[in-house]
Structures are given as structure tokens and as C-alpha cells.
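Remarks on the structure that follows.
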Amino acid sequence: MTDPILSAFVDGNQVSIWRRDAQGKLFERRERAEWVAYLRAADVDEALARQLRSSRFTREFKVEGSWARLGFKDDYVRSQMCRTRGENTSFFDSKGVKTYEADVGAVRRWFTDTGATIEKPRRCYVDFEIDSRVPFSRKEDARVLSWAVVDDGETALVRVLAEETNGAEGDLLGELWELMEGYDQVLAWSGDGFDFPVWWARTDLLNLGVETRRLHYLDHLALFERMNKMSAESGDEKQSMKLHSIATAILGHGKDDFDASRTYESWAAKDPRLPKYNLKDAVLLREIEEKTGFGDLFNTIAEVCRVLPDSRGLLPTQQMDGYMLRLGQERGVRFPTKFYKEGLKPEQYEGAHVMEPEFRGIARGVHVADFASIYPSIILTWNMSPETWRDASPAGPVPEGLCRCPLTGHHFDNGAEGILPTALRDLMSKRQVWVEKKAELPPGTEAWHAAGRKSAAYKVVGLAFYGVVGSMFSRYFDKRVAESITQNGVWLLKSTIAAAAERSLRVGYGDTDAIFVDNVSDTEFAAFVAWCNAELFPAMLREAGCVRNEVKLAYEKKFRSLVIVAAKSYVGFWEHYKGKQAEAGAKPEIKGLAYKRGDAALLTRRLQGEMIDLIGKGHLRAEPYREALDRALRHVLNDQLPVEEIVIVKGISKPLHEYGKGGGDDDEKGTEPAHVRVARALRERGEHVGEGTRVEYFVADGSVSPQVVLPIDQYGDVDVDRFYYWEKQVYKPTQALLEAAFPDVDWKTGYERVRPPKARGRKARVLEGQLGFEASTPAAGACVVDLLESEEGVFEDIKAAVVRYPGTKQLVLHVRLASGALAVLDSRLRVSGSQRMLAEIYGLRLAARAATEAWEASLL
DNA sequence: AGCTTTGGCTAGCGGC
DNA sequence: GCCGCTAGCCAA
């Protein structure tokens with residue numbers, strides 16, 4: 001064993017290893033980088049052994065038990081000899097000798113061979129402000145104007161560039177690097193895409209001659225996204241991943257009000273708000289960490305898995321590699337070589353069982369039982385691992401010494417525990433230690449939180465291991481194992497559902513590892529769960545040949561009421577949870593509904609939230625729901641809608657040029673999705689749009705196809721299509737919820753369709769004559785008609801229709817423009833219409849505004 | 001230029 | 001209005 005280290009990186013043919021002495025002073029030790037491939041000793045004949053021993057490309061060949069360890073001169077040589085690229089068949093592939101772990105980097109090799117662990121890093125948070133005149137795509141060319149560094153203790157520093165010269169910038173960054181001597185890990189929001197590359201590029205350009213590779217660069221946003229997936233509540237905190245939004249959601253306060261697109265002007269004017277803003281950002285990072293503890297959690301995972309606590313270490317494949325390679329080393333097991341993207345053909349497999357929901361209306365007294373850590377428990381029970389798989393006939397009796405996965409017909413050896421089960425059991429038992437330790441500690445104390453984070457870390461890693469086995473990008477990929485894991489889950493769940501039905505329990509829903517039952521008492525249900533554990537599962541597992549049993553069904557909770565809208569979409573109000581009575585006003589459990597979706601407008605989430613509250617309060621008549629609906633409808637159609645209520649946010653998941661059908665010619669491409677069209681518009685005006693960008697937009701006209709969608713900052717110049725918002729965005733998801741809860745009530749009339757029929761020809765003229773009567777404010781109506789009739793040049797053939805909306809005093813005019821296009825004015829003379837008539841509409845708006853002002857003045 | 005999985009719902013879009 | 005398709009987000 002080796003002392004824990006702080007950091008390590010490859011430098012040529014050496015591994016640079018960093019530690020600190022008792023005083024905290026850094027020191028480096030260098031060791032030879034090992035570029036290794038393992039071969040099965042049985043695959044190496046005498047001639048090959050001689051060849052490998054004497055080759056000038058190798059520097060080590062030794063047989064250790066059933067494995068031969070082959071050390072190469074350098075990584076290039078190793079790659080040449082082990083990796084087949086296209087026509088270029090590698091030395092070992094041409095010989096038909098399979099290599100193991102031949103892609104493993106020298107740092108990973110070093111950790112694996114030495115068993116060294118990672119020490120808790122000294123953490124800090126950084127933020128840079130750079131010259132705003134340089135576009136994002138050339139950010140590395142932009143001068144650093146200021147930096148801020150904050151740590152978990154007292155340090156909170158900010159420094160500003162003294163003058164616009166390389167010398168001054170060198171001094172600025174030099175001071176930063178000096179400060180970094182005291183730290184090992186740096187967090188920056190979106191650091192991977194911005195702060196870090198800028199920092200490295202400027203350091204390089206200014207020839208500062210410092211070692212940049214020692215630090216662990218961790219993208220705080222990437223960290224947050226990965227960890228928060230498990231705990232995000234409503235859609236609010238998913239809408240934007242900008243620091244300001246996350247800070248506001250998590251901390252209740254955001255960034256300084258400062259125009260970050262004019263940092264240069266601010267710097268030139270020696271504006272003190274620049275450093276203040278800069279520092280505030282770094283402080284927010286520390287506060288987010290204080291609140292979430294995600295950084296501590298990840299550092300624990302890094303420790304457990306022996307990955308460096310940087311952005312790369314966030315990847316489950318890296319974590320599993322770190323853990324498994326070392327475990328394999330200890331047990332004399334080697335894993336296959338896996339070069340990046342070599343000979344990959346998609347290999348999909350069957351996943352979990354999801355039951356069609358059978359509850360109707362509001363279900364009462366619904367018990368939920370679920371399998372504890374279902375996939376890890378299955379892996380342990382069937383001793384599933386790539387090396388314990390056995391070839392045997394899926395029919396007939398289960399062969400002696402094996403166990404069978406009934407749905408896939410795969411077999412595993414019951415003998416010595418496989419390496420995957422060992423890893424999981426290790427993680428689960430280590431987790432148990434912290435679970436128990438936490439239970440002993442006083443709740444809320446730092447030690448209590450720390451124990452909780454450790455326990456969560458082990459759980460997260462354990463669950464991710466199944467996914468990695470199912471990932472064809474991983475060296476542990478084994479479709480037979482992965483599919484057998486999921487299908488054993490299907491077998492257990494379906495059998496449980498069938499057994500429940502036989503015993504007259506009504507199972508109304510089930511998904512992957514849980515069943516929902518509504519027609520029995522607590523004691524009856526508890527008895528059923530106990531019977532499953534004591535009788536059903538042991539019998540089933542015996543039949544399958546399993547000699548281990550880690551499968552456990554647990555009575556998790558009971559809903560006093562539950563509405564299932566569709567599979568994976570429901571809201572439930574707890575009666576009790578894990579034996580504890582729920583508090584009266586406890587928040588309901590909401591799954592899959594628009595309420596939880598980051599791509600739903602706030603109007604949508606809020607309306608659904610209101611309905612959920614009403615259901616929770618136990619209202620059974622339609623009136624209170626209708627009142628709220630009417631209020632919402634009036635609001636959507638009449639009121640000034642704040643931008644945050646109507647903005648729609650969707651992510652860009654791939655480079656923009658890859659969107660469009662079939663990837664054919666540009667002409668062949670179909671229309672792209674709405675948010676992609678907006679993304680293009682943003683890029684055209686010079687904004688940075690790439691993978692991961694969240695596009696904020698609104699729908700200006702949903703009545704045409706493709707829809708007219710605009711970047712959110714154009715809201716105000718152009719109004720939203722209020723009919724579209726109500727019908728498609730806002731009401732639809734709520735309608736689905738209400739119809740699920742009250743299937744016998746009519747939730748269509750008056751709400752489902754609110755868009756007026758298109759005005760045309762004579763009819764419109766007739767309606768125009770009624771303007772004075774229909775309008776809630778006759779003066780307004782008259783004013784508009786005057787306006788329209790006087791603007792002959794623009795509105796050659798005016799056909800105006802006045803339409804009232806149910807439950808509202810909404811007044812809408814449809815105006816046929818000279819071009820033949822149709823514009824829509826609402827009672828406040830705001831306009832919506834299709835994009836190609838925007839110019840015309842602008843003209844109309846200006847005129848309309850003048851008319852409104854004249855009308856308002858006349859009231860005085 | 002690095003990658004945890006499958007299942008399910010919903011919306012937009014184009015073609016029929 | 002239905003269907004096939006792409007796409008995003010969420011449940012497990």
C-alpha cells in the first residue's frame with residue numbers, strides 16, 4: 001500500500017505524483033509510466049514469449065499465474081501493437097491473441113498496481129471575467145480582466161487587471177497560480193466549457209511556466225446536474241442551468257445585477273461593480289456547495305472508486321473502472337481491452353416491466369411495496385458477473401451448481417462469488433456502516449450529514465454499476481448479464497403481481513420494482529409482503545437454482561389518495577411512509593406530470609400545482625376546480641403575462657447541423673424542431689449555441705405550421721399566441737390530470753377550444769358592426785375601428801371580427817392585412833401573427849399604440 | 001472526441 | 001385526423 005496522494009498525471013513516460021508534507025507544502029515524486037497489456041498465459045507460446053521478451057518495443061514480460069504482464073516502451077507502441085484501426089490490423093489481433101486492459105492509462109495503472117488512494121482535496125471556487133468584446137468562440141484570445149477565488153474557509157479574494165498589457169495580465173494570473181499552491185481542486189460553473197480552457201490558454205500564451213496539470217478541475221455545473229437528478233423537486237429548478245437561476249432556486253438569491261456582456265467597458269471605467277460581481281459569483285459556488293454537499297459527496301465517491309475528483313471522475317464508466325480494476329488486481333482477474341469506439345454495433349436489450357395503470361379516478365388507500373435496490377440484489381442473488389456466466393441449455397432442469405435466469409435462459413455459476421457481486425456487496429456493506437453510523441449520530445450535526453453523504457455515495461456508485469455493464473462503451477459490457485438483470489426484475493415483479501391477484505389484491509399499477517395495491521388493509525398488505533419474502537421468493541429462487549437470496553420486498557408507503565394520469569405519471573398524497581404517519585400538510589409525491597418538467601411554462605406548472613392542491617384538500621365537486629380554471633383562462637387571455645410565466649425552455653442535445661431528418665441535403669431536411677429554429681436565430685445574431693445550451697423561447701403563433709417561435713428577449717415586441725398557450729401549453733396537461741381524477745366530468749366544454757374561428761369575408765363585416773355592443777369598453781372598440789379605417793395604405797381591405805371568449809370579457813379583432821395575411825389584435829391592442837408579417841405588424845402596433853394612448857387620454 | 005441502462009409520455013411536423 | 005418519425009424529458 002502507498003500513502004494517499006493528492007494528484008497524479010502522465011508526463012511523457014513518467015507519472016507525476018503529488019502529495020503534501022505535514023506543513024501542507026506540496027512535493028512531487030515521479031515514477032515510470034507503465035504502459036501495460038495483459039495476455040492469458042495460455043495464449044502465449046514459447047516463440048511468442050521469446051519475441052515479446054526480446055522486442056525493442058517492450059520493456060517487461062513476466063508471467064504471473066495465469067496472466068502474462070507485458071510492459072511496452074511507451075503508449076504509442078502499445079497502441080500500435082494492440083489496437084486495430086480500420087485496415088490496420090494490430091500485432092495481437094493478427095496473431096489472434098486477445099489482450100486485456102491494453103487501453104488502461106498510466107495513471108489508472110499506477111493506482112491499480114499500487115492500491116494508492118486519493119486524499120481529500122483542498123477545494124476552492126474560481127470565476128473569471130474576460131474581455132467581453134471577444135466572441136465566445138474565440139474566448140481563449142480574450143484578456144482576463146479579473147478573477148475571484150473563494151474557499152470553504154475565510155478566503156474570498158478578487159483581483160483586477162491593472163492595465164491592458166501582457167505584463168499586467170501575467171502578474172494577475174501569476175498571483176492566482178501562487179494562490180493555487182494552497183489548493184488541489186478548483187470548481188467553476190461551466191468551467192469545462194469556459195473558465196478552465198481560458199485559464200489554461202492564457203497561462204500558456206503568457207509563458208507563465210507553471211504546472212497547470214496538478215489541479216483537479218471540476219465543472220460545478222456538471223457536478224450539480226449529475227447529483228441533482230436524484231433529488232430535483234419541481235420543474236422550477238430545471239428550467240435554466242445558469243448560475244443565477246440555480247442559485248436563486250437553491251439559495252433564494254442570485255447574482256449581482258450587472259451587465260456581463262460589457263465587462264470590458266466596465267473594466268475600462270474602473271467600475272467597482274466588476275470585481276464585486278466577479279467575487280459574488282465565486283461566493284455563490286461556495287454557498288451552493290454548503291447547501292447541497294454535492295462536492296463532498298463526489299469527493300467521497302472519488303475516494304471509494306480511486307478516481308481523480310475532477311470532471312472526468314464524474315463519469316460512471318470511470319468510477320467503475322477505478323473500482324473494478326483494483327478489485328481485479330487483488331483477485332487476479334483481468335478485464336477486456338476496450339479502445340474507444342472500436343467495432344461498436346448497437347446491442348440493445350429488454351428492460352423493465354411497466355404496467356398499464358388500471359386505477360380509475362381518485363384511488364383511495366393505495367399501498368406501495370418495492371424491491372430494495374432491485375438490480376444490485378438480483379446481481380448478488382444470481383451471482384451475475386461476466387466471468388460466472390455459464391453455457392447451458394435453457395430448457396430442462398437447471399444444471400447442478402448453476403442458477404438460471406428464467407426469462408433469458410442464461411446461467412451463472414453458484415460457486416465462488418463473481419467479481420461484480422463482490423464489488424456490489426462491498427459497496428452495500430460499506431454503505432450499511434454509514435447508514436448505521438448516521439442513525440447513531442445526533443441528527444443535523446456535521447458528522448450526521450457527512451455519514452449520510454457517505455452512505456449516499458455508496459448507493460449511487462452501486463446503482464451505476466448495472467448501467468455500466470449495460471453500456472457498450474464500457475469494458476464491462478455484457479449484454480447477457482445486463483439483460484438477465486433486467487429480466488429477472490421483470491420475472492420477480494410479474495410473479496408478485498400475479499401472486500397478489502391470486503390472493504384478491506387489486507394491483508392497479510407497477511413499474512420496474514414497485515406494485516400499487518388499493519383494496520386491502522395495512523395488516524393484510526403487510527402480511528402479503530411478508531409472505532412474498534418468506535414463501536414466494538425463496539420458492540421461486542430455489543426453482544431457478546439460486547443458492548443465495550438477497551431479494552427483498554418492502555412495504556414502503558401508503559397513499560391516502562392517488563391519481564394516476566398515465567404510466568410514470570401520477571400524484572399521490574401519503575398516509576404513511578416507512579411506518580411514519582405523514583404530516584397533514586405534507587407535500588404530495590409527484591411523478592412525471594408537467595408540474596415536474598423543466599420544459600413546461602410556469603403558467604402550466606402553476607395551474608397543475610393548483611389542481612393538485614385542490615385534489616389534496618379533498619374537493620370532489622367540479623366547482624372549485626372550474627373557478628381556478630376560469631381564473632387561469634382569464635389570466636392567460638387578458639392579462640399582461642410576465643415573461644417568466646410564458647417562457648419555454650428546451651435543451652440542445654447535439655450540434656445544430658445534426659438536426660433535421662435523415663441528415664440528407666439541406667433541401668431535403670424537414671423543418672427542425674421549434675427550439676432548434678430559435679437556436680439558429682440566436683446563433684445568427686452571434687450568441688454561443690451548442691450542445692447543452694438551453695434555449696429560451698415563446699410561441700408567437702401556434703396556429704400555423706411550423707409554429708412561429710421567437711427568442712424570449714423578443715417578448716414584449718411581440719405577444720404570445722394566447723390561444724395556443726391556453727389550449728396546448730397550459731390547459732392540456734391539467735385537463736389530462738382532471739380527466740384522470742374525475743373521469744365522469746366534462747372537462748372539455750369552455751376550456752379545450754378557445755381560439756376563435758378564422759374571420760373571413762362578409763361575416764367579419766357583420767361582426768364589425770357589433771363592435772360597439774360587444775366590447776366591454778365601447779370607446780376602445782370605436783377607437784380601433786377608426787384607426788383601422790384611417791390606415792388605408794396598410795389595411796386596404798379591413799375585415800375585422802370581434803370575438804368574445806367564454807368566461808371572459810376578452811375582445812379580439814382579426815384583421816386581414818393588405819398582403820392577405822391575418823393579424824390578431826387583442827383588447828389591449830397587442831398583436832400576434834406569423835413571422836413573415838412581422839414588419840407589417842410592427843407598423844400596426846405603432847399605430848395601435850397611438851390609438852390606445854389617444855383613447856386613454858380621452859378618458860381623463 | 002467521451003459516452004450508465006431501457007421504458008414511457010408528449011409535442012411538433014409532414015405526408016396521406 | 002391518423003400515422004410515422006424525431007426529439008426532449010422524466011421514472012425506474
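In what follows, chains are A, B, ... by sequence order, proteins preceding strands, each numbered from 1.
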Inset, instruction - Would you please confirm or rule out a distance under 4.0 Å between OP1 or OP2 of B:dG7 and any side-chain N or O of A:His353? - result: no
Legend entry - Distance below 4.0 Å between A:Lys654 side-chain N/O and C:dA7 OP1 or OP2: yes
Legend entry - Shortest side-chain distance from A:Tyr349, nucleotide among B:dT6, B:dC9, C:dG8: B:dT6
Legend entry - Phosphate-side-chain proximity, A:Ser569 and B:dC9, N/O vs OP1/OP2 below 4.0 Å: no
Inset, instruction - Compare side-chain N and O positions of A:Gln487 against OP1 and OP2 of B:dT6 and report whether any pair is under 4.0 Å apart. - result: no
Inset, instruction - Provide, to the nearest angstrom, the distance between the CD atom belonging to A:Glu347 and the P atom belonging to B:dT4. - result: 18 Å
Inset, instruction - Tell me, yes or no, whether the heavy-atom count around A:Lys479 atom NZ, taken from other residues, nucleotides or ligands under 6.0 Å, exceeds 12. - result: yes
Legend entry - For the student: nearest non-hydrogen atoms of A:Pro421 and A:Ser385, plus distance: CD-CB, 3.8 Å
Legend entry - Gap separating the OG atom of A:Ser561 from the CH2 atom of A:Trp574, nearest 0.5 angstrom: 12.5 Å
Inset, instruction - Apply salt bridge (Lys or Arg N to Asp or Glu O under 4.0 Å) to the pair A:Glu589 and A:Lys557, showing each step before the final yes or no. - result: CA-CA 11 Å; A:Glu589 182 172 311; A:Lys557 63 199 165 198; 3.0 Å; yes
Inset, instruction - Pick base, sugar-phosphate or nothing for A:Gln319, based on heavy-atom distances below 4.0 Å to the nucleic acid. - result: nothing
Legend entry - Side-chain N or O of A:Lys568 closer than 4.0 Å to phosphate OP1/OP2 of B:dG7: no
Inset, instruction - Please state whether the phosphate of C:dG8, meaning OP1 or OP2, lies under 4.0 angstrom from any side-chain nitrogen or oxygen of A:Arg694. - result: no
Legend entry - Whole angstrom value for the distance that separates P of B:dT5 from OH of A:Tyr375: 13 Å
Inset, instruction - Look at A:Lys728 and B:dT10 and indicate whether a side-chain polar atom (N or O) is within less than 4.0 Å of OP1 or OP2. - result: no
Legend entry - Closest-nucleotide ordering on DNA chain B, the 5'-leading residue of A:Ala567 and A:Tyr466: A:Tyr466
Legend entry - Axial cation check for A:Phe473 ring with A:Lys338, 6.0 Å and 45° limits: no
Inset, instruction - Please state whether the phosphate of B:dT5, meaning OP1 or OP2, lies under 4.0 angstrom from any side-chain nitrogen or oxygen of A:Ser471. - result: yes
Inset, instruction - Check whether any side-chain N or O of A:Tyr659 sits under 4.0 Å from OP1 or OP2 of C:dG8, and answer yes or no. - result: yes
Inset, instruction - Please state whether the phosphate of B:dG12, meaning OP1 or OP2, lies under 4.0 angstrom from any side-chain nitrogen or oxygen of A:Arg677. - result: no
Inset, instruction - Using only side-chain N and O atoms of A:Gln348, determine if any of them is under 4.0 Å from OP1 or OP2 of B:dT5. - result: no
Legend entry - Under-4.0 Å side-chain N/O to phosphate OP1/OP2 contact, A:Tyr724 with B:dG12: yes
